[in-house]
Each structure stands twice: as C-alpha cells, then as structure tokens.
Amino acid sequence: MEARTARVSRDTAETRITVQLNLDGTGQSRLQTGIGFFDHMLDQIARHGLIDLDVQCEGDLHIDGHHTVEDVGICIGQAVRQAVGDKKGITRYGHSYVPLDEALSRVVVDFSGRPGLVMDAPFTAGMIGQLDTQLIHEFFQGFVNHALVSLHVDNLKGVNAHHQAETIFKAFGRALRMALTPDARSAGQIPSTKGSL
C-alpha cells in the first residue's frame, strides 16, 4: 500500500498554518497552536487514531482563538482528504464510544465524499483553559467541510467540561482509525455501490 501522507499549508491575514500527517503512523505528534488545551485535544486524535500529526500554527490569538481553531480544522481536513486518496480498500465507516470518569461520548464518521456535521455537546463550561468550548464545533465544521466526511458527534453524559471534550476527541480519533483501516476483503475496491466516493 502506498504511503498515506500529506502536507498542507495555509497562509492568511489571520493564521499561518502547516499540517503534516501520516494516516498509518504510530500516534506521534508535534503540536504548537498557541492554545494549550487545543494542543492536548489534537494529541488525542493522533494517539487514539494512530495518526502521526504535526501542526504548527501562528494565529491572531490577540483577538481570540476562533481563527486558529477553525483554520487548523480546515487544514487537517484537507490533509486527511489528500492522504486518503481515492479511498479504495478503506473500511469507510468508523464509530467509537469513549468514557472518561463521568463523561461519555460517541462519534460516528463516514468517508462519504459529502460534508455534513451533526454535533450535540452541551458543555458545562464556556472555557477549558484558553479554549472557548464553542470553537470545538468550529474545528469539526472546518474538518468535515474539507475532508468531505459525514460526522456525528454526541456527548452523551458529562459534568466536567474537560472530560466532555476529551471523550469527544478520543472518540473522534478512534472513529477515524476504524474508518481508515484497510479492509483486506475489499482491497482495490471503492466501498460504495455507486463506485465512487
């Protein structure tokens, strides 16, 4: 199987970002977004998705974290789309439930070629460290718009906002890992009755 790697750069008046990833990695990460808790969440994607992920971002954090978080989501989405290629032989669908103490989240992903996000996450706090919890939705919206996936994110239980967020990102990593795992029984085939995704 060819290496499933990608490198994406984005340079605007709001952010300067470089993302490099390997979908068949070991979960190594090098992360610098300027928002510590966001880096912690990206690390969950890498470790639980077994994706080697390098994200370097300089954003307009003197305003707030919005552009940084959204644009990193865009770049990771573009990189995943580039790395996955024509999708021949992938499992396509992935899902995961992840608990952390009192919190429980479910994430389901479909590499459908159609962007769509449904997210229900009633965070119990507006901020976790320096991350505005509203921006978690913006991250996933940026990702799905550019990875061209359907994504359902549900925080089913949770009292501690840190736990709520961490279960979401861990479940997201695990769901990606399942969806992107090659299926030996469909090697060389597009996993769709349409013949394309």
Is there side-chain contact between [X] and [Y], with heavy atoms separated by less than 4.5 Å?
X: Phe139; Y: Leu42; value: yes
X: His95; Y: Val107; value: no
X: Val55; Y: Ile76; value: yes
X: Ser9; Y: Ile17; value: no

Can you list the steps and then say if Asp183 with Thr91 is a side-chain hydrogen bond (donor to acceptor under 3.5 Å, both in side chains)?
-> CA-CA 5 Å; Asp183 183 343; Thr91 300; 5.0 Å; no
Answer yes or no: are there more than 12 heavy-atom neighbours, outside Arg47 itself, under 6.0 Å from its atom CZ?
-> no
May I ask you to check whether over 12 heavy atoms, not counting those of Tyr97, lie within 6.0 Å of atom OH?
-> no
Please answer whether the main-chain N or O of [Y] pairs with a side-chain N or O of [X] as donor and acceptor at a distance below 3.5 Å.
X: Gln44; Y: Gly173; result: no
X: Gln82; Y: Val8; result: no
X: Glu102; Y: Gly158; result: no
X: Asp154; Y: Leu156; result: no
X: Ser29; Y: Leu53; result: no

Check step by step if side chain to side chain contact (heavy atoms under 4.5 Å, CB included) holds for Arg4 and Leu180.
-> CA-CA 10 Å; Arg4 298 191 296 175; Leu180 294 172; 4.2 Å; yes
Minimum heavy-atom separation for [X] and [Y], please, with both atom names.
X: Leu148; Y: Pro115; value: CD2-CD, 3.8 Å
X: Gly49; Y: Arg177; value: O-CB, 3.7 Å
X: Ala79; Y: Val19; value: CB-CG1, 4.0 Å
X: Asp39; Y: Leu31; value: O-CD1, 3.2 Å
X: Gln164; Y: Phe123; value: OE1-CA, 3.4 Å
X: Val109; Y: Ala179; value: CG1-CB, 3.8 Å

Cluster companions of Met178 among Ile, Leu, Val, Met, Phe, Trp, Tyr (side-chain spacing under 4.5 Å) |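 Answer for Met178: none, a lone residue.
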Connected-component partners of Leu197 among ILVMFWY, side-chain separation under 4.5 Å = Ile190
Distance only, no hydrogens: is a donor on one side chain within 3.5 Å (strictly under) of an acceptor on the other, for [X] and [Y]?
X: Gln141; Y: Asn145; answer: yes
X: Thr5; Y: Asn22; answer: no
X: Asp52; Y: Gln28; answer: no

Rounded distance (nearest 0.5 Å) linking atom [atom1] of [X] with atom [atom2] of [Y]:
X: Ile45; Y: Leu50; atom1: CD1; atom2: CG; value: 13.0 Å
X: Glu70; Y: His66; atom1: CD; atom2: NE2; value: 5.0 Å
X: Leu100; Y: His163; atom1: CG; atom2: NE2; value: 4.5 Å
X: Gln56; Y: Cys75; atom1: CD; atom2: SG; value: 12.0 Å
X: Gln134; Y: Met127; atom1: CD; atom2: CE; value: 10.0 Å
X: Arg92; Y: Phe111; atom1: CZ; atom2: CZ; value: 11.0 Å

Full working for side chain to side chain contact (heavy atoms under 4.5 Å, CB included) between Asn160 and Thr124 | CA-CA 7 Å; Asn160 181 289; Thr124 59; 5.7 Å; no
Would a hydrophobic clustering, with Ile, Leu, Val, Met, Phe, Trp and Tyr connected at side-chain separations under 4.5 Å, put [X] with [Y]?
X: Leu61; Y: Leu131; result: yes
X: Val98; Y: Phe140; result: no
X: Met119; Y: Met41; result: yes
X: Val80; Y: Ile74; result: no

Taking the six-membered ring where the residue is Trp, are the ring centres of His40 and Phe169 under 6.0 Å apart?
->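 Between His40 and Phe169, the centre distance exceeds or equals 6.0 Å.
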Show your reasoning for whether side chain to side chain contact (heavy atoms under 4.5 Å, CB included) applies to Ile168 and Asn155.
-> CA-CA 7 Å; Ile168 286 170; Asn155 173 241; 4.2 Å; yes
Check the pair Thr15 / Asp71 against side-chain hydrogen bond (donor to acceptor under 3.5 Å, both in side chains), numbers first and verdict last.
-> CA-CA 7 Å; Thr15 57; Asp71 289 3; 2.7 Å; yes
